[in-house]
Amino acid sequence: MHTFKTTLKILLAQRLMILIYVVWLCLMMFGLSWSMVTDLSKTDNSVTFEATRPEVAVVNRDAHGEALDEALRGFLTKDCDLVDVGTTGEQLQTAAASNYADLIVIIPDGYTQRFADALADGGDEPRLDVVVSFTGAYGSLAKLEVDDFLRLTRLEALARQSATGASTTPATLGEAATNVVDALADDPDAYPAIHVADDPQAATDRQESARVAYVTTVRMGVYPLLAAMLVCTALTMNSFAESNVRRRLYASPQRTGAMVIQQFAGCALFGVVVSLLYWAASLALPMLAGLPVDGIPPATIMYCGLSLAIYALVAVAAGFMISMLSANAVAVNAVANVFGLLVMFTSGMAFPIDMMPKAMIAIGKLLPGWWFCQSVDAVNGVDGRIDAGAWLSCSGLVLLFGVAFICLGLAFSKLRRNRPDLSAPGATQLAEV
C-alpha cells in the first residue's frame with residue numbers, strides 16, 4: 001500500500017498536467033456541448049399563432065359624437081392599435097394613398113342624431129364613412145369590429161328605450177355606447193378566449209433534447225479522458241523509472257510486479273474518479289439548460305457511466321504502456337495528443353458515421369474510441385431502446401484494448417529490464433534479480 005499511496009501523491013503533484021488535460025480539455029468539451037445543449041433547449045417544435053393587430057384611425061366630425069367617439073376608440077383598443085392621421089381632407093387622402101392605416105373610420109357631422117332618429121323610427125342605423133386598406137385583409141377585419149360595435153350599441157339603446165319608454169337622443173346613444181364598452185371591460189368572458197391545451201408533444205420533445213444532450217456529452221469524453229489519463233499515468237509511472245529510484249526499488253525486498261500493480265491501481269483509481277466527475281457534469285449540463293433530465297432512461301444514465309469508467313481504465317492502460325518505453329514528457333504529450341485526436345476523429349463522435357470514408361471506419365474499429373461510442377449508442381435510449389447485449393459486447397472489446405495495452409507495456413518493461421540504463425556498477429545484475 002505504500003507504493004499505492006506514493007503513486008497518488010506523485011500523480012496529484014502534477015498540478016499543471018491535471019490543469020491542462022483534466023480540467024481544460026474537459027471544460028473545452030463541455031463548452032462545445034453547452035452550445036449544442038442551449039440550442040436544443042431553445043428549440044420549439046410547436047406552432048404558435050401570433051395575431052397581428054390592425055392599425056385603425058378614428059376621425060370624429062360630429063359635434064355631438066364625443067361620447068360615441070370615445071366609446072368606439074375604447075372598443076377597438078382591445079384588438080387594434082389606434083393611430084392618428086389628422087383630420088383635414090388632405091391629411092386623410094395622404095394617409096389613404098400611403099396606406100398608413102389599415103382602416104380609417106370617419107364619424108360624419110350629424111351622425112349621432114341620425115342614428116338616434118333611426119332608432120326612434122325603427123329604421124336601420126346609418127353607416128360610418130370608412131376607408132379600408134387595399135394591401136391586406138386586416139382593415140376588413142377591423143371594419144367587422146366597427147360593425148359589431150354599432151350592433152351592440154343599437155341593441156343597448158333599444159333596450160334602454162324599451163325600459164324607459166323615452167326616445168333615443170344623441171346623449172342617451174352616447175351613454176348606451178359607453179355601457180357597451182364598460183360591460184366588455186367588466187365581463188372578460190364577453191369575448192370568450194380560446195384556451196389551448198398543453199401540447200404533450202412539446203414536453204416529449206424537451207425530454208428527447210435532454211437525452212440527446214446527455215448522450216452527446218458522454219460521447220465527447222472520448223478525447224479528453226484518453227489524453228488526460230494517458231499523460232497523467234505515463235508521467236506518474238515514469239517517476240518510478242528514474243535511475244536513482246530504480247536502484248532503490250530493485251534493491252528493496254518487494255517484488256517488482258507488486259509495485260507495478262500498485263502504481264497501476266493508483267492511476268486507475270484517479271481515472272475512475274475523473275470519469276465519474278465527467279459523468280456527473282454530463283448529466284448536469286442539460287439540467288442547467290432547463291431540460292428535463294427525468295426523461296432520460298435510468299438505464300441509459302447508468303450504462304453510460306460504466307462506459308466512461310471502463311474507457312478511463314483503458315486510457316490508464318495506454319499510459320502504462322507508454323511509461324514502459326521510458327519516454328520523456330515531450331514525447332508523452334505528443335503521443336497523447338496525436339493518438340487522442342486519431343481516436344476522436346475515427347470514433348464516430350466528430351462526424352456522422354454515414355459521412356465517414358470506409359478507410360476511416362476501418363481504422364476506427366481498430367481503436368478503442370469506436371467501440372466506446374458504439375457502447376454508448378447501444379444504450380442511448382432512442383424510443384426507449386436499451387440493448388444490454390450490444391453494450392456488453394462493445395464494452396468487452398474496449399476492455400480487450402486495455403488488456404492489449406497492458407501486455408504491450410509488460411513486453412516493453414521486459415526489454416527495458418534486459419537492457420537497463422543505470423549508472424551504478426553491477427546494475428545489470430540488480431536488474432536481473
Side-chain angles (χ1 to χ4, degrees), residues 4-37 213-240 262-285 288 304-323 327-345 347 349-350 367-369 372-373 376 398 401-402 405 409:
F4 177 80
K5 296 178 181 179
T6 303
T7 302
L8 291 178
K9 291 180 180 179
I10 295 174
L11 197 155
L12 296 177
Q14 302 178 34
R15 295 183 180 87
L16 181 59
M17 292 302 171
I18 293 177
L19 182 63
I20 294 175
Y21 283 95
V22 178
V23 178
W24 173 247
L25 277 185
C26 290
L27 286 179
M28 183 178 67
M29 288 300 173
F30 289 148
L32 295 174
S33 181
W34 177 254
S35 62
M36 179 269 299
V37 171
Y214 170 71
V215 171
T216 303
T217 306
V218 170
R219 285 163 55 93
M220 284 185 174
V222 68
Y223 172 58
L225 285 181
L226 178 61
M229 293 303 101
L230 192 152
V231 170
C232 293
T233 301
L235 295 181
T236 299
M237 300 191 73
N238 276 346
S239 301
F240 292 91
Q262 293 186 48
Q263 296 170 23
F264 183 85
C267 296
L269 176 62
F270 178 74
V272 171
V273 171
V274 171
S275 67
L276 292 179
L277 291 176
Y278 186 94
W279 173 56
S282 301
L283 190 60
L285 283 182
L288 294 176
C304 288
L306 290 175
S307 295
L308 285 171
I310 292 173
Y311 185 72
L313 292 177
V314 173
V316 171
F320 167 78
M321 177 186 68
I322 300 300
S323 69
N328 56 30
V330 176
V332 170
N333 281 275
V335 171
N337 285 280
V338 173
F339 184 58
L341 290 174
L342 176 64
V343 171
M344 182 184 70
F345 285 114
S347 63
M349 185 277 292
L367 299 173
F372 164 72
C373 292
V376 174
V398 174
F401 279 99
F405 291 150

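Values below: all heavy atoms of this structure, side chains included; hydrogens, waters and symmetry mates excluded. If you read the sequence from its start, that first residue is 1, and numbering goes on from there.
Minimum interatomic distance between L8 and G266 (heavy atoms only, all atoms of both residues): CD2-O, 3.3 Å. Between V343 and Y311, the shortest heavy-atom contact is CG1-OH, 3.7 Å. Here the closest heavy-atom approach between residue V316 and residue G271 is recorded as CG2-CA, 4.4 Å. V272 and S275 get closest at one heavy-atom pair: O-OG, 2.6 Å. Closest of all the heavy-atom pairs between F401 and V314 is CB-CG1, 4.2 Å. Heavy-atom minimum distance, L230 versus A318: CD1-CB, 3.9 Å.
A donor and an acceptor atom, one from each side chain of Q262 and T7, are nowhere located under 3.5 Å apart.
The side-chain contact (heavy atoms from CB on, under 4.5 Å) with V376 is formed by just one residue from the set V222, L308, V218; it is V218.
Put simply, CG on L342 and CG on L226 are 10.0 Å apart, with the number rounded to the nearest 0.5 Å. Separation of atoms CD1 (I20) and CG (L25) is listed at 9.0 Å; rounding is to 0.5 Å. Here the straight-line distance linking atom OG1 of T233 with atom CG of L11 works out to 6.5 Å at 0.5 Å rounding. From C26, atom SG reaches atom OH of Y21 across 13.0 Å, with rounding to the nearest 0.5 Å. One distance of note links CD of Q263 with CE of M237; it measures 4.5 Å at 0.5 Å rounding. Expressed to the nearest 0.5 Å, how far CE of M349 lies from CE of M29 amounts to 5.0 Å.
Considering only heavy atoms from C-beta on, M229 comes within 4.5 Å of F270 through its side chain. You'll find the side chain of P224 stays beyond 4.5 Å of the side chain of W24, heavy atoms only. Put simply, the side chain of W34 does not reach to within 4.5 Å of the side chain of T217, judged on heavy atoms.
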> Going through the distances and angles, do V274 and W279 end up as a side-chain contact (heavy atoms from CB on, under 4.5 Å)?
Replying inline: CA-CA 9 Å; V274 171; W279 173 56; over 6 Å; no
>> If you apply the rule side chain to side chain donor-acceptor pair (under 3.5 Å), what do you find for T236 with Q14, and how did you get there?
In response: CA-CA 8 Å; T236 299; Q14 302 178 34; 2.8 Å; yes
> Hey, mind stepping through F372 and S307 against side-chain contact (heavy atoms from CB on, under 4.5 Å) and telling me if it holds?
Replying inline: CA-CA 7 Å; F372 164 72; S307 295; 3.9 Å; yes
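Within the 3.5 Å criterion, the main-chain N or O of G221 finds a donor-acceptor partner in the side chain of Y278.
For Y214, there are no ring pair (Phe, Tyr, Trp, His ring centres under 6.0 Å) partners two or more places apart in sequence or in a different chain. In this structure, the ring pair (Phe, Tyr, Trp, His ring centres under 6.0 Å) partners of F345, at least two apart in sequence or on a different chain, are F351.
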